[in-house]
Amino acid sequence: MLQQELAPHVGDITRALQGKIQQEQVEAELQRYLDFGVPLAQAKRDIVRNYGGKLAPASVAKKLRDVGPHDGSVDFVARIVTVNPKQVTARGEQRTIYFGLLGDETRVLPYTAWRDFQLQKGQTVTVRSAYVTEWRGEAQVNLGERASIQPAEQDLTPDALGPRAAQEKHLAELRGGIPAVTVTARVLKVQQREVQVDGKPKALWSGDLADPTGKVRFTAWKDFKIEEDAVVRVQNAYTRSWRGMPDLNLGDSTVVEVLSSDALPPRSQLQVARLLPIGELEELGGGADVLLEGTVLEVKKGSGLIFRCPECKRVLQKSECRLHGKVKGTTDLRVKAVLDDGTGALTIFLPRETVENLLGKSMEQCQEMAKEAMSPDVIEEELVQRLVARPMRVTGNATSDDFGLMLIASRADVLQPQGSRQQAEQLLGTLEVS
Ligand SMILES: [Zn+2]
């Protein structure tokens, strides 16, 4: 922690000395000064002067658009958009850190405050000696032990953090936790729902948006008069993560503009799922309506005919539900398998209809077969025969949780393998003759 916090200052000194001394040496010197109780700013000045360098003026406040993980320590003025406490355990000790969003007129960024700076939502502050790290390609501001925070001379209003602060992105680039983003998309679906917020009913709107790169779920916390099939430019929204899938949120500072309908291709062309390498999906953590192609490595136990709890739909083990004990189960048909495409692997679930399609049999026919064989395992065996080591294409929503990445297929096809057995035999035959 201390090491990481000193790093930006070590960077400042090393830069000022233009490589005259090694970073490790700077680190050791700085630590020695601090151990003697010399204030940080003075220690930096003294070390640089001792080696005949000149420290760049430290108090040039930057705009958030210009800060990055390689800047060392950074100073800026920002409005605190949100403050959330979080309990963490560090070196076996419970403590509270704070996280949220802060922004200026150029950008809104997530931050973590590693101690209590008494940050207030809506307050504009002058921040000194913060540092920036990168997480999943996004900059993140850290307010550590050495940061100082004071009320700013001038306030930034919420309007000042307007749409200009948002980055323009394609839907395929969205992931959870982007504080300010602008997208252009066609509304595939929208519906009004009611939720309870602090015990009171509140209307919200949710649905699906699509652009030529992909699809995303959205949630609008007020009525933006979004209509199905319209092309909209959504400025200054933010994303949250739901089991690894991004959810685009339209809040108080979001602006929705309706564009001409021909600004994007028609919905028939936008609803085509995009083919993703599984490795890339792993990095994203999930995605709506993705298309994967890979080889089935394994059909897992619990595939074929199964019994579910009529109350919670959990799969029964020996007629018992983990939650509801012994129950009379309802029959279902499914596949739980591992799909691998060389870049990564994930668990896929094929629901009843897709399994019926793959087998070319209805669930009732499967039940008949099981009855005749006096074992439900025949269906599982047939699925192993048909799927293992075969190339497969699946479409569906991919999510991740403690068990890793998984996809619930809305469609699944076994692809014609290059060179079927018959072709292989023919080929061998030809070779023998010639
Ligand atoms: Zn149950």
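Just follow the structure's listing: the first ligand is 1, and inside any ligand the first atom is 1.
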Atoms listed for the Zn ion (ligand 1) (protein only, N, O or S, under 2.8 Å, no waters) are C309 SG, C312 SG, C321 SG, H324 ND1

Subject >> Carboxylate-amine/guanidinium contact K336 E380, below 4.0 Å >> reply: no

Is it true that R352 and E364 have a side-chain N and a carboxylate O under 4.0 angstrom from each other? yes

### Task
Verify side chain to side chain donor-acceptor pair (under 3.5 Å) between D35 and Q31, making sure each step is shown before the conclusion.
CA-CA 6 Å; D35 290 345; Q31 192 63 61; 3.3 Å; yes

Handout entry: Flag for Q235-T254: side-chain donor and acceptor within less than 3.5 Å
Key =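 Result is no, nothing qualifies.
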
- Sole candidate of D211, D229, D208 that passes salt bridge (charged side-chain N to carboxylate O under 4.0 Å, His left out) when paired with R267: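 Single pass found, and it is D229.
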
(message) Using side chain to side chain donor-acceptor pair (under 3.5 Å), reason through T182 and Q167 one step at a time and then give a plain yes or no.
(response) CA-CA 6 Å; T182 292; Q167 288 172 276; over 6 Å; no

